Each structure stands twice: as structure tokens, then as C-alpha cells.
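For reference, the structure discussed in these notes is given below.
Please read all numbers here as calculations on a predicted model, not as lab measurements. Protein chains get the first letters and strands the later ones, always in sequence-line order, with residue 1 at the start of each.
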Protein chains: 2
Amino acid sequence: MTSLSDIAKLTGYSKATVSRVLSGNGYASQKACEKILKTAAELDYATNAIAQELAHGATHNIGVVLPYIKASFFSKILEGILERSFETGYKIIILPSNYNQDLEIQYLEKLRKKALDAIIFTSRQVSEETILKYQKYGPIVLCYRPENSNIPATYANRIPAYRQAFQWLKEQNCSNIGFLLSRGNSPTISTTLQAYRDIYKITPHLEQIKSGLISAEDAYRLAPELIQFDGIFANSDDIAANVWRWFDEQQLPKPIIVGQERLLSGQLLKIPTVDNHCQEVGRMAFEQAISKTMEQSSIHSEFILKR
Amino acid sequence: MTSLSDIAKLTGYSKATVSRVLSGNGYASQKACEKILKTAAELDYATNAIAQELAHGATHNIGVVLPYIKASFFSKILEGILERSFETGYKIIILPSNYNQDLEIQYLEKLRKKALDAIIFTSRQVSEETILKYQKYGPIVLCYRPENSNIPATYANRIPAYRQAFQWLKEQNCSNIGFLLSRGNSPTISTTLQAYRDIYKITPHLEQIKSGLISAEDAYRLAPELIQFDGIFANSDDIAANVWRWFDEQQLPKPIIVGQERLLSGQLLKIPTVDNHCQEVGRMAFEQAISKTMEQSSIHSEFILKR
DNA sequence: GTGAAAGCGCTAACAT
DNA sequence: ATGTTAGCGCTTTCAC
């Protein structure tokens, strides 16, 4: 509980001098330094981080909104963010959103209240208009491509790799492909269908699209509905693996499956995958958050056939 | 940038009254409320979280020290912590330690500087003496069993499940078992060897113990050294799975493998596992962090043979 | 080289 | 019901 002014009193110097010595900014005589440092040590003095933040007007806190931590996509982005935050001395605060819009707004409010210096959305439910409205309170960075070009973002450019994947599926003579997605309204869905159309030259039926696949268990539960397909394009290797597992347990002939994110599960089953390099996305998103640039940059995804 | 005193000036009320209205604590007339709320809205006023924290002397920040996020053990604990923090309104700050002692001390310093209300160690390199020394600055909770009973902790009681696992391995006629661990000095190591001795009635050789297994890749790299064993007791399903993968690729006869943490990888390969219920450990650890109790509690691990 | 003092923005005990 | 006032603990400008 000893504060800077305690030290000022005890040493006879002013708070200003003590502050200079303790923070290392500004001049102080050799003698002053010694005396102040000595008594600070004696009193087990520790600077109060909150007071410092208040005086500076910044927390060095960066919030990261994650719908789920379990999902590989998000945890990989988080890894990238942590890597850079660690090197730069920022603190990362996890903000679980559960895809809940109200919650996301609460988190934006934290930015407004200056509890956060910046905020990174790995996914979002709030509208872009809302984001734009909150921009004046601090940097808001997205991890997928926004419609609006005035929102800073880093995202995976998935189209080329997705096309390669579909090209390969086509070469395997898959004619009826099922798409496994996390959210019906996810921004990835249009990308996926776009790439599919580019290769297959047809628009997929609505029945081909299955959404709500977040945890591995979801995949296992949904698997029975996938018998009709001869090809599956999944949103992650873990999802893909659990579909595989169901077919395996039922001893049914398996469709050809493509996963994403290059995970262990896919490697074990030798499932082709699309690596969206999420860690790099996370790193870049972090840089944008602290540099306050309004740029949008993309990372190329990669189709990996042989594992 | 508009502050509480701006509103006080504009409405003609004092800062105190404004504070009462805005924070909802204390009395204020209907009229005062309306006027203050109205001008607050007009000015887009937002309370400053830092100032509030300073006045209260607490941040509601809880730090979680994790050597690695990728490792399932730690991420599962984190999930449990997040679940409870979310429900209680605390903010979770991720503190990556990389098993680095100096770093861990830096994090303890954050507790000392009041940047953190409490800190949870999912693993640690710092000595228990150091922990004890820092206890006066705030709650420090461990996620494994400490030697010292004055340190709050929640940990997995692994012995019974480990014994079951070794019993089973023995029944499978495994006579030369390899132990795969993350750290040579991990607290789990003695638990493991203890359970082994209980069942096999012999002390394992040093060559049976392999450490440094953290990422799945580590396991794959180390696998060639494991040919000598007819049984493997791994520190996670992911590690176990990658050992399996190497043997599979080499088309070598596989040892009998037991994993841990009940992960997808182990499920796919139908490897028996020990579920240490890490999520529950995380939940409990969090409760201890905020309740400031000095208790130590344990969660029973579970051996799962059929997957 | 050092200090006085204002400021950061909010809270809470106390008085009215 | 409302205001006064003294904190919370540090930073920083501007004199001396």
C-alpha cells in the first residue's frame, strides 16, 4: 500500500522527483536517485498500474472477441495474436461471444469506456454499421473480409485454394457435394459457393448446405444426413474427422472429404485440407490494432492434398 | 472525452449527484435523473473504466499463466476459467509463459502492481517460495498439487485413474512401458511413476521416461526412440496419436498406447485415455481466485477404455 | 536539479 | 435529495 507520495515524504523530495526517478524519465541527481530507490526498495514499493494507466489515458489492453475457443479457426487466430502481443507488451483479454450480438455490443462498450485500447473480432454478429459507429472510440479490426472498405481487416483469401479443392473433388468424380458450415450467415458461405460455382459451373442446391457445425460433436450428430453426398467440404479437419468417424462406425462407404485448418485429426486420417493460415491472420490483425491503420490485407489460403 | 464533471457543469448539479445517477447508487430526484441522463446521452458520455478502477482499487482482471495454448491440457483449463469468468463479469488476461521463470515473475509483478486482481497458474516454473512471497499482493491459485499446503490450488487427483490404466496395460501383458511427459520436472511425473510402482511393483528405469513432449510434432519426432516399448503412457491423446501415426507410417507393429484428456485424436484412433476433467479444474480454480479462500481441492480423473 | 500544482475521472464519507 | 470535499496514485508542465 505504499505510494509514491509516501516515498516523497520520507525522502524529503517531491512527488515529481520521485516519479522521475522511479519511472526513469527526466533528470534527478545521483544522490536523489540513490535515496529514493533505496527507500522504495525498503518499503517494498510497487508502482500502481491503474493510476499509471489513468494518467496516460491508455490501458494497453486489447480485447479479442471469440465465439468459441474450442473451434480451431479461432484458437489459431488467437495464437497469432498472442505471439505478437507478447512481443509488444500488450495484454490480451478474451471476450467470449457465443455469436451473441448483445454481448458483442457490450464488448464494444468496453472500448468506449476505455477499458480496452482496441478490439479484434475473429467473428461477428453485430452489423458493420454498428462497427463503424464505434470506430471513433478506438481501433476495431476484423478477421474476415468486410463489405465496407473503411473497416480495418485481415482475412484469408480463400477463393484460389477453395477452387483447387473443388477442382480436385471434381477430378475424383464427386458430383453431389455437401457443404459443412458453422453459421448459416457466415461470410465464408458465399466464398465457398462462389468457388464451387467457378469450378462446377452450377449453383448448389440449398440441401447441400448444412450449417451449425461448430463442435466436433455437431458433426457426428449431423453425419447421418450426409449419406446422400459423394463429397464433403467441411469447415475444419475436426468436423471432417468426425463425419469420417460416423461413417466408419456405421461401416458405410465414405464420401470423399476435404477439411480445413490443417489439424492433427485430418493428418491422422490423411484427409486433404485447406490451410487458411489463421495464425498469420492473427498476427496481422494485431499489428493493425496497435498501429491504427485502416488497411485491409489478405493472406492466401493453401490447398493441401498430400499429408 | 466528455467526463462526469462536464455533465455536472452543464446540468448545474454536482459531480456527486451526477455520479449517483450515472452509477445507479444513491438517491437523486426524478428531475435530476432525467436531466442528467438526458445530457449524458446528448454528449455521448461514457464512464471511464480506468478511473472507476482506480477509485475502487480493483481491476476485475484475472491473469492466467499458460506455458502453451496449443496443449490441450492448458486450453481445457482455460475453457473452464472462461466459462466462470464470463458468468461473473471478470476479465481474463492470457499470460503466455513458455515455461520461462523470469516471465512468470514478471506476471507476479503485475499482481503486485495491481494490474491484476488475482492470478492462476496452470503450470509453473517459479518456486513455491516465490509464490508464497507474492501471496500478500493477491490470490494466486495453482492448477496442480503444491507441496505447500498454504497455497490455494485445484488439481486433478490422477492416481486412481492412472492405476487403472497401468492395471489394464499389465493385463495386456505390457512389460516395458515408455512414459511420455511434457517436462522433466513436471509435478505429474512423480504421480505417474507412483501409480506405475503401485501396480507393477517395480521402479521404472530412467530410459523409460521421455520428456519434452509438448506439441504433436514433438511426439512424431521422438517416436523412433519408442520402438523398444510394448506399452506407451502418453501425456495427451494428441501426443499418443502422433506416436501412433509414426508407427503406422513405418508399418511397424504398434505398442499399446494410452493417452490423456479425451481428445478427438484419441477417439478417432480408439486409444484408451485418462480424462483429467481439466475444464472442471479451471472452473474451480477460478472460483478460488475470486473467493480468496486458501483451500486445496481435487477433481477425480477417469480412465476410459472404450471410446 | 528540483518542486508546486494542476490534472486524469470517478467515488464516497460527511455535511446540509 | 444534493453538494462539499477529500481522496485514489501517478504524470507532467512550468517555474525556480
Side-chain angles (χ1 to χ4, degrees), chain A residues 1-40 43-61 109-117 137-138, chain B residues 1-40 43-61 109-117 137-138:
Chain A
M1 293 280 153
T2 109
S3 77
L4 183 140
S5 51
D6 292 338
I7 301 199
K9 270 173 213 145
L10 269 135
T11 57
Y13 286 99
S14 70
K15 292 204 291 176
T17 304
V18 176
S19 174
R20 280 187 216 107
V21 172
L22 260 24
S23 67
N25 312 332
Y27 308 96
S29 66
Q30 182 74 19
K31 212 179 78 186
C33 277
E34 279 169 15
K35 188 163 186 184
I36 290 169
L37 254 19
K38 182 160 160 279
T39 62
L43 297 181
D44 189 34
Y45 168 82
T47 193
N48 181 311
I50 315 176
Q52 227 161 3
E53 288 175 354
L54 178 60
H56 281 127
T59 56
H60 284 275
N61 284 165
E109 281 295 316
K110 292 201 182 205
L111 184 67
R112 179 155 171 261
K113 291 187 204 294
K114 297 191 181 302
L116 260 26
D117 283 3
Y137 305 116
Chain B
M1 290 282 151
T2 108
S3 77
L4 185 140
S5 52
D6 292 338
I7 301 199
K9 271 174 214 147
L10 269 132
T11 56
Y13 287 99
S14 71
K15 291 205 291 177
T17 304
V18 176
S19 174
R20 279 186 216 108
V21 171
L22 260 23
S23 66
N25 313 334
Y27 309 96
S29 65
Q30 182 76 19
K31 213 178 79 186
C33 277
E34 279 169 15
K35 188 164 184 182
I36 288 168
L37 255 17
K38 182 160 160 277
T39 62
L43 297 182
D44 189 32
Y45 168 83
T47 194
N48 181 312
I50 314 175
Q52 229 162 3
E53 289 176 353
L54 178 60
H56 280 129
T59 56
H60 284 272
N61 284 165
E109 280 296 315
K110 292 201 184 207
L111 183 67
R112 180 155 171 261
K113 291 185 205 290
K114 295 189 181 304
L116 259 27
D117 284 3
Y137 305 117

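- Comparing the helix axis at one end of the helix from C/dG1-D/dC16 to C/dT16-D/dA1 with that at the other, each defined from 5 consecutive pairs, gives an inter-axis angle of 40° (nearest 10°).
- With C/dT11, D/dA1, C/dA4 as the candidates, the nucleotide lying closest to the side chain of B/Ala55 is C/dT11.
- When the nucleotides D/dG9, D/dT13, D/dA1 are ranked by their closest atom to the side chain of B/Tyr27, D/dA1 comes out on top.
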Could you walk me through whether A/Leu116 and A/Thr59 pass the side-chain contact (heavy atoms from CB on, under 4.5 Å) test, one step at a time?
-> CA-CA 6 Å; A/Leu116 260 26; A/Thr59 56; 5.5 Å; no
Stepwise side-chain contact (heavy atoms from CB on, under 4.5 Å) check, B/Leu22 with B/Leu37 = CA-CA 7 Å; B/Leu22 260 23; B/Leu37 255 17; 3.7 Å; yes
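- Residues A/Ala51 and B/Ala32 both approach DNA chain D. Their nearest nucleotides, taken by heavy-atom distance, put B/Ala32 toward the 5′ side.
- The stretch residues 110-117 of chain A has no heavy atom under 4.0 angstrom from DNA chain C at all.
- Distance alone, capped at 3.5 Å, places no donor-acceptor pair between the A/Ser19 side chain and the A/Lys15 backbone.
- When the C1' atom of D/dG3 is taken as reference, atom CD1 of B/Ile36 falls 12 Å away, rounded to whole Å.
- In this structure, the nucleotide among D/dA1, D/dT11, D/dT4 sitting nearest to the side chain of A/His56 is D/dT11.
- If you run side chain to side chain contact (heavy atoms under 4.5 Å, CB included) between A/Thr2 and each of A/Thr39, A/Leu10, A/Leu43, only A/Leu43 comes through.
- Closest approach of A/Ala115 to B/Ala49, counting heavy atoms only: CB-CB, 3.7 Å.
- Within the 4.0 Å cut-off from OP1 or OP2 of C/dT2, not a single side-chain nitrogen or oxygen of A/Ser14 is found.
- When each of C/dC8, D/dT13, D/dC8 is scored by its nearest atom to the side-chain atoms of A/Leu54, the top-ranked nucleotide is C/dC8.
- For the pair B/Tyr45 and B/Arg20, both in contact range of DNA chain C, the more 5′-proximal nearest nucleotide belongs to B/Tyr45.
- A distance of 6.5 Å separates OG in B/Ser3 from NZ in B/Lys9, rounded to the nearest 0.5 Å.
- Atoms CD (A/Glu53) and C1' (C/dC10) sit 15 Å apart, rounded to a whole Å.
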Salt bridge (Lys or Arg N to Asp or Glu O under 4.0 Å) between B/Glu109 and B/Arg112, intermediate numbers included = CA-CA 5 Å; B/Glu109 280 296 315; B/Arg112 180 155 171 261; 2.9 Å; yes
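- Here the closest heavy-atom approach between residue A/Tyr13 and residue A/Ser29 is recorded as OH-OG, 4.4 Å.
- Remark: P of C/dC8 and CG of A/Leu4 are 19 Å apart, rounded to the nearest angstrom.
- Taking every side-chain heavy atom of A/Ala28 into account, C/dT2 is the closest of C/dC10, C/dC8, C/dT2.
- Taking each heavy atom of A/Ile50 and B/Gly57 in turn, the nearest pair found is CD1-C, 4.4 Å.
- Whole-Å rounding puts the A/Asn48 CG to D/dG7 P distance at 17 Å.
- Screening residues 45-58 of chain B for side-chain hydrogen bond (donor to acceptor under 3.5 Å, both in side chains) gives B/Glu53-B/Lys91 as the qualifying pairs, with residues at least two apart or on separate chains.
- Taking every side-chain heavy atom of B/Ser3 into account, C/dC10 is the closest of D/dT12, D/dC10, C/dC10.
- Between C/dC10 and B/Ser19, no contact under 4.0 Å exists linking OP1 or OP2 to a side-chain N or O.
- Straight-line distance from the NZ atom of B/Lys15 to the P atom of D/dA1: 23 Å, rounded to whole Å.
- To the nearest 0.5 angstrom, B/Ile36 atom CD1 is 8.5 Å from B/Leu4 atom CG.
- Look at B/Thr17 and you'll find a side-chain N or O under 4.0 angstrom from OP1 or OP2 of D/dG3.
- Phosphate proximity of D/dG9 to A/Gln52: absent, as no side-chain N or O sits under 4.0 Å from OP1 or OP2.
- OP1 and OP2 of C/dC10 both lie 4.0 Å or more from every side-chain N or O belonging to B/Ser23.
- Distance, B/Leu22 CG to C/dA12 C1': 16 Å, rounded to whole Å.
- In this structure, the OH atom of B/Tyr13 is 21 Å from the P atom of C/dT16, given to the nearest Å.
- Counting to the nearest Å, the C1' atom of D/dT13 and the CG atom of A/Asn25 are 14 Å from each other.
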